Number of protein chains: 2
Amino acid sequence: MDFLTLPAPNDASKPLSTQVYDAVREAIICLKLKPGQMIYENELAESLGVSRTPIREAIRSLVNEQLLEVLPQRGTLVTYVSERKVLETRFIQAQLELGAFRIAARVWDEHNQKLTKQLILHSIRDQRAAADNNNAALFLQLDETFHRIILGLANNDTLLQVVYHMRGHLNRLRYMLLEEYHHMHRIVDEHVEIFAAIEANNEERTAQLLDDHLGKLNHEFPEIRKVHPQYFLRNIRNSVEWREDK
Amino acid sequence: MDFLTLPAPNDASKPLSTQVYDAVREAIICLKLKPGQMIYENELAESLGVSRTPIREAIRSLVNEQLLEVLPQRGTLVTYVSERKVLETRFIQAQLELGAFRIAARVWDEHNQKLTKQLILHSIRDQRAAADNNNAALFLQLDETFHRIILGLANNDTLLQVVYHMRGHLNRLRYMLLEEYHHMHRIVDEHVEIFAAIEANNEERTAQLLDDHLGKLNHEFPEIRKVHPQYFLRNIRNSVEWREDK
DNA sequence: ACTTACATACTTGTATACAAGCACTTTGTT
DNA sequence: AACAAAGTGCTTGTATACAAGTATGTAAGT
């Protein structure tokens with residue numbers, strides 16, 4: 001667990017429980033904590049140099065996001081990626097992002113959103129750089145930022161938060177995909193296309209492009225599952241009982 | 001705080017933290033804990049007869065749902081209802097429910113869903129009874145159940161969970177509305193209409209009716225705000241600083 | 001050889017003790 | 001009388017101690 005560290009040894013700006021939450025969440029999404037792995041409160045507490053109390057509070061939040069599952073008196077499980085969960089999460093993400101991107105296309109105004117445009121162009125440039133360097137972790141972050149900028153045009157913080165949670169799940173899968181297929185440049189191209197449609201105030205085209213963009217995950221899913229079967233569940237619900245490789 | 005009680009004095013079926021969560025959440029939504037009210041961990045712990053540990057874990061979950069806000073070293077605030085939060089939440093609810101209800105209308109099959117139909121008819125009957133008795137708390141529960149049955153047809157548990165959280169916010173508002181305007185029968189009528197459209201596999205009409213059904217909240221909002229100004233925030237974000245009545 | 005019972009070393013769940021910070025009161029000064 | 005500053009009692013944040021349950025290994029019995 002030596003890869004788990006807090007941002008600063010004695011940083012009082014945020015409560016320890018929040019810092020632990022951020023650190024563990026990042027580790028789960030980057031697959032440093034592997035789906036199916038057991039973790040233990042004492043172990044985490046020792047690694048991070050804090051007591052069990054903030055650890056438990058962080059775990060509780062991650063259980064709410066279904067990234068962890070507590071098995072009482074046995075330990076805590078990093079949840080498997082299940083096909084069902086991915087499909088469910090993808091549907092929600094699509095519904096919300098489609099709605100928000102439509103708003104973005106509707107309200108986009110070249111004159112009033114010069115700053116936003118600069119942000120987007122910068123983001124796309126950074127994405128290209130990350131793609132050139134084949135840096136999957138960084139690329140995922142930038143991809144998320146790009147989506148957040150557009151979503152921000154809908155002026156709905158709650159939506160940003162919900163989409164953030166949904167992405168928590170999907171990103172583990174997307175991380176595997178990026179590491180395997182290195183298709184980052186294709187994704188950036190799609191981002192460019194989508195933004196062009198928004199700039200043209202073309203709501204229908206924006207929605208169509210975004211739907212394709214998000215939908216690609218469904219086709220890639222079965223492939224990546226064969227590459228990392230140990231991270232996936234076969235059955236319907238998330239459970240410790242049945243695993244792909246048993 | 002004497003209205004706060006756990007389901008059973010010594011029920012080991014669920015962890016205390018979960019029981020506390022359920023009890024406090026219910027109290028917030030039914031406005032027994034009022035928006036803007038301060039609560040304290042010690043006070044809750046004494047009322048419920050447990051230690052601060054499970055209390056804190058429950059509070060953490062409710063903070064994640066934005067029903068509570070912890071002010072460090074000062075206490076915990078029952079969040080105000082803000083216009084912004086209501087609009088944001090309503091948008092998400094609409095996007096998700098519209099998507100799911102469309103699926104329901106598409107997949108509905110009289111032959112294969114006899115059981116579901118029975119559930120729905122029962123639910124509508126119960127709703128009428130609650131409306132007759134003018135029982136707002138019960139009606140809200142039944143309303144939620146009705147929506148959940150339909151949403152269940154989309155076969156997406158994650159969506160059920162997200163909608164559940166969004167409703168946590170809206171229900172405080174809806175509770176005020178029901179107490180004030182007693183328009184439960186109108187709501188049941190709309191439910192009947194929506195279900196008829198689903199039975200007819202009429203996706204467009206289902207979506208149209210549901211959109212109207214959910215949209216009514218937006219019109220009622222300014223009215224109810226005048227009745228209970230002390231529960232609402234004037235400003236953009238949820239914050240303890242600015243209040244309607246200051 | 002196989003099963004069963006039990007001791008043991010873990011785990012999480014809960015309670016309590018201590019630390020640090022905010023708010024108000026009270027006291028002292030001008 | 002007005003105001004500033006220290007003190008007191010509250011709050012949440014964190015650490016630790018204890019309780020209860022699970023899995024495992026071992027030894028005894030069949």
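All of these numbers come straight from a predicted model, not from anything done at the bench.
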Under 4.0 Å: is that the gap between some side-chain N or O of [X] and OP1 or OP2 of [N]?
X: Ser17(B); N: dG13(C); answer: no
X: Asn42(B); N: dC10(D); answer: no
X: Thr53(A); N: dT14(D); answer: no

message: Both Val50(A) and Val70(B) contact DNA chain D. Taking the nearest nucleotide for each, which residue is further toward the 5' end?
response: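 Result of the comparison: Val70(B).
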
field: Candidate list Arg167(A), Arg148(A), Arg90(A), test salt bridge (Lys or Arg N to Asp or Glu O under 4.0 Å), partner Glu97(A), passing option
entry: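 Checked Arg167(A), Arg148(A), Arg90(A) against Glu97(A); only one passes salt bridge (Lys or Arg N to Asp or Glu O under 4.0 Å): Arg167(A).
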
- request: Indicate the atoms forming the closest heavy-atom contact of Leu170(B) with Thr89(B), along with that distance.
  value: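 What the structure gives for the nearest pair is CG-CG2, 3.9 Å.
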
field: Reading 5' to 3' through nucleotides 17-23 of chain D, protein heavy-atom contacts under 4.0 Å coded B for base, S for sugar-phosphate only, - for none
entry: B---BSS

Can you check the [X] [atom1] to [N] [atom2] distance for me, whole Å?
X: Ile55(A); N: dA15(D); atom1: CD1; atom2: C1'; value: 12 Å
X: Arg56(B); N: dT12(C); atom1: CZ; atom2: P; value: 19 Å
X: Tyr21(A); N: dT14(D); atom1: OH; atom2: P; value: 17 Å
X: Ile39(A); N: dC10(C); atom1: CD1; atom2: C1'; value: 16 Å
X: Glu69(B); N: dT11(D); atom1: CD; atom2: P; value: 18 Å
X: Glu46(A); N: dT16(D); atom1: CD; atom2: P; value: 12 Å
X: Leu44(A); N: dT11(C); atom1: CG; atom2: P; value: 11 Å
X: Leu71(B); N: dT11(D); atom1: CG; atom2: C1'; value: 10 Å

field: Passing option when Leu68(A) is tested against Ile39(A), Leu77(A), Thr79(A) for side-chain contact (heavy atoms from CB on, under 4.5 Å)
entry: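 With Leu68(A) as partner, Ile39(A), Leu77(A), Thr79(A) yield a single side-chain contact (heavy atoms from CB on, under 4.5 Å), made by Ile39(A).
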
message: Strictly below 4.0 Å, N to O, side chains only: are Lys216(B) and Glu220(B) in salt-bridge contact?
response: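 Between Glu220(B) and Lys216(B) there is no salt bridge, as every charged N stays at least 4.0 Å from the carboxylate O atoms.
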
May I have the list of side-chain donor-acceptor pairs in residues 174-181 of chain B shorter than 3.5 Å, sequence neighbours left out?
unit_1, atom_1, unit_2, atom_2, d
Arg174(B), NH2, Asp143(B), OD1, 3.4
Arg174(B), NH2, Asp143(B), OD2, 3.0

- prompt: Between Phe221(A) and Phe232(A), what is the ring plane arrangement, given parallel below 30°, perpendicular above 60°, and tilted in between?
  reply: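 Answer is perpendicular, since the angle exceeds 60°.
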
- prompt: Testing His169(B), Lys85(B), His165(B), Gln66(B) for side chain to side chain donor-acceptor pair (under 3.5 Å) with Thr158(A), which one passes?
  reply: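 Only one of His169(B), Lys85(B), His165(B), Gln66(B) forms a side chain to side chain donor-acceptor pair (under 3.5 Å) with Thr158(A), namely Lys85(B).
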
